[in-house]
2 protein chains.
Amino acid sequence: MKYMTNFTTLSEEQQQEISEGILIEEYKKGTHLIRQGDDPTIKCYFVLQGCVRQYTIDESGKEVTANFYTEEQAILTFTFQDLSQSSKYALTCLEDSIMVVGDFDTEKEMYNQYSELETMTRQMMEIYLGQAQNEFTAFISSTPEERYKSIMSKRPDLVTRVPQHQLASYLGITPESLSRIKKRMNQDKRRV
Amino acid sequence: MKYMTNFTTLSEEQQQEISEGILIEEYKKGTHLIRQGDDPTIKCYFVLQGCVRQYTIDESGKEVTANFYTEEQAILTFTFQDLSQSSKYALTCLEDSIMVVGDFDTEKEMYNQYSELETMTRQMMEIYLGQAQNEFTAFISSTPEERYKSIMSKRPDLVTRVPQHQLASYLGITPESLSRIKKRMNQDKRRV
DNA sequence: GTGCGGCATTGACTTAAGTTAAGAATGGCA
DNA sequence: TGCCATTCTTAACTTAAGTCAATGCCGCAC
């Protein structure tokens, strides 16, 4: 897979071998890959097509969207480390989706077989961690309106693909506020 | 080091060997470990004693605190991946501090020597990533006041160790707001 | 086709954060 | 010790987000 090539020094043949061990699955819209509180089915995904939402219901009963995953994004949620031994997040498909599915047991075997693969995973996680850091910092320092504008420019497809109230919960605001922000922005545009 | 034991299957002797290769440094309060825009000096730290602040100046000139690191915390900031080739964050000591300093070149050598070390690093990063995820989600769904209460309970030392305006910038609010939140909380307490 | 339920928008009202500015407290340093 | 700079608090005002409630709008099932 072309995605892999950027990260690794593995040979063509080795990449071929790994690719053959890979499992690709299709899921219908509305499918729960994992539910909150489930035993952690130690799995990870890579979205080839579709859209997956990661969310949690917090103590006060509010639903919080932690992320949306779309094409070419990996879903790595290491939530099971929590002593609780149950998943903190739920994953559901917002659309019919096609994904690469990996489970951590075969992953470990593969690490033994191809040590470069572990290096590659580590590097990917470093990048991930850096991105998470940057996103967090950006979130801290911005207002809801700025966050909406930011997502409009970085992931414009989300704004149309995803229900507004879920997008709002990802931006940390209420659906009403999101609605008003959009209204304000339209008015400003017209005025200019 | 006792911290390591929790993560690895390395033998005592091996841990001993690794520990000997480790560099420990002391820094005075106010020292910049790295400045924003510096060439990324590919280093990582582990705080034995003291307090380090990670921050960035954003486009609008506002200072944003991304994190505070205190005893027993590792500083892993993978910001250099940004094409920019310069560090997005600055790290400064808020107190006199003692830290383990690692640079990535010797780290790589050690990975070759002890492959378990890479596994250990990967596992630590998984946990890190999970924590970052959780912190982000918690941040999204909480008000400034809730965030302050949360930090009071999770890292009460920070509230006293760290300048208030820097704490405010970590909570995503202005110093004035933080001041008001504290005032409100005192009044509420007295009333009860 | 009709009706129902969930979703998006709008309005009125409350509340708290941002802004600006001023004063009080603190701490470092000569 | 005393001065200066920084930091923290307070106040008055503006603005936007939360809350509650009502309406309108699909989409889906029956």
Side-chain angles (χ1 to χ4, degrees), chain A residues 28-30 51 53 55 57-65 68 92-96 138-152 158-191, chain B residues 28-31 51 53 55 57-65 68 92-96 139-152 158-191:
Chain A
K28 282 261 164 228
K29 173 175 174 173
C51 181
R53 181 170 75 111
Y55 67 96
I57 313 272
D58 70 9
E59 321 75 49
S60 59
K62 235 184 349 182
E63 192 178 291
V64 191
T65 299
F68 296 102
T92 72
C93 301
L94 296 184
E95 307 170 356
D96 295 349
F139 196 95
I140 288 181
S141 67
S142 57
T143 63
E145 183 163 343
E146 288 165 346
R147 294 201 283 265
Y148 179 68
K149 284 178 185 164
S150 162
I151 212 170
M152 285 271 281
L158 279 190
V159 181
T160 51
R161 285 170 90 165
V162 149
Q164 296 300 295
H165 68 283
Q166 294 179 0
L167 186 65
S169 90
Y170 178 55
L171 296 174
I173 57 178
T174 59
E176 293 93 330
S177 274
L178 178 54
S179 189
R180 277 189 296 242
I181 287 173
K182 291 198 286 186
K183 195 180 172 188
R184 267 205 310 270
M185 284 173 61
N186 275 331
Q187 286 173 350
D188 288 353
K189 210 186 298 175
R190 253 175 269 154
R191 218 171 281 157
Chain B
K28 282 264 163 226
K29 172 174 174 175
T31 309
C51 181
R53 181 169 76 111
Y55 67 96
I57 313 271
D58 69 9
E59 320 76 47
S60 58
K62 238 186 343 183
E63 192 178 289
V64 191
T65 299
F68 296 102
T92 72
C93 301
L94 297 183
E95 306 171 356
D96 295 349
F139 196 95
I140 288 180
S141 68
S142 58
T143 64
E145 182 162 346
E146 287 165 346
R147 295 202 283 265
Y148 179 68
K149 283 178 184 163
S150 161
I151 213 170
M152 286 271 280
L158 279 190
V159 181
T160 53
R161 286 171 90 166
V162 150
Q164 297 299 296
H165 69 282
Q166 294 180 0
L167 186 65
S169 90
Y170 178 53
L171 297 173
I173 57 178
T174 59
E176 293 90 332
S177 275
L178 177 55
S179 191
R180 277 190 296 243
I181 289 173
K182 291 197 287 186
K183 193 178 171 187
R184 268 205 309 272
M185 285 174 61
N186 276 329
Q187 286 174 352
D188 290 352
K189 210 185 298 174
R190 252 176 271 153
R191 217 172 282 155

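First the proteins, then the strands, lettered A, B, ... as listed; each starts at 1. These numbers come from a predicted model, not from an experiment.
- Rounded to whole Å, atom P of dG18(D) lies 8 Å from atom CZ of R180(A).
- DNA chain D lies under 4.0 Å from at least one heavy atom of each of the following residues of residues 167-178 of chain B: E176(B).
- Between Y148(A) atom OH and dA17(D) atom C1' the separation is 17 Å, expressed in whole Å.
- Across all non-hydrogen atoms, the minimal contact from I140(B) to V64(A) is CG2-CG1, 3.9 Å.
- Distances shown here put a side-chain N or O of K182(B) below 4.0 Å from the OP1 or OP2 atom of dT9(D).
- With axes fitted over five pairs at each extremity, the angle between the ends of the helix from dG1(C)-dC30(D) to dA30(C)-dT1(D) is 40° (10° resolution).
- Closest non-hydrogen pair, H165(B) versus P175(B), comes out as CB-CG, 3.7 Å.
- Residues meeting the side-chain hydrogen bond (donor to acceptor under 3.5 Å, both in side chains) test with D96(B), sequence neighbours left out: none.
- Remark: F68(A) engages Y170(A) in a ring pair (Phe, Tyr, Trp, His ring centres under 6.0 Å) (not counting sequence neighbours).
- Residues forming a salt bridge (charged side-chain N to carboxylate O under 4.0 Å, His left out) with E95(B) (at least two apart in sequence, or on another chain): R161(B).
- Note on R147(A): every side-chain N or O is 4.0 Å or more away from OP1 and OP2 of dA17(D).
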Run the numbers on Y148(A) and M185(A) for side chain to side chain contact (heavy atoms under 4.5 Å, CB included), then give the verdict.
-> CA-CA 10 Å; Y148(A) 179 68; M185(A) 284 173 61; 3.6 Å; yes
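- Contacts of R53(A) classified as salt bridge (charged side-chain N to carboxylate O under 4.0 Å, His left out), with partners at least two apart in sequence or in another chain: E63(A).
- Annotation: salt bridge (Lys or Arg N to Asp or Glu O under 4.0 Å) contacts involving residues 139-152 of chain A, sequence neighbours excluded, comprise E145(A)-K149(A), E145(A)-R184(A).
- Applying the side-chain hydrogen bond (donor to acceptor under 3.5 Å, both in side chains) criterion to K182(B), with sequence neighbours excluded, gives Q164(B).
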Just the table, please: protein N/O against nucleotides 23-30 of chain D N/O, every pair under 3.5 Å.
none

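- OP1 and OP2 of dT6(D) both lie 4.0 Å or more from every side-chain N or O belonging to H165(B).
- Annotation: side-chain hydrogen bond (donor to acceptor under 3.5 Å, both in side chains) contacts of S169(B) (sequence neighbours excluded): T65(B).
- Comparing atom distances between the I181(A) side chain and each of dT9(D), dA12(D), dA17(D) picks out dA17(D) as nearest.
- Among pairs with a residue in residues 169-178 of chain A, none fulfils salt bridge (Lys or Arg N to Asp or Glu O under 4.0 Å), at least two apart in sequence or across chains.
- The minimum heavy-atom distance between V162(A) and L94(A), with the atom names listed, is CG2-CD1, 3.7 Å.
- Taking 4.0 Å as the cutoff to heavy atoms of chain A, we find the contact window on DNA chain C bounded by dC7(C) to dA12(C).
- Rounding to the nearest 0.5 angstrom, the gap separating the OG1 atom in T143(A) from the CG atom in L171(A) is 10.5 Å.
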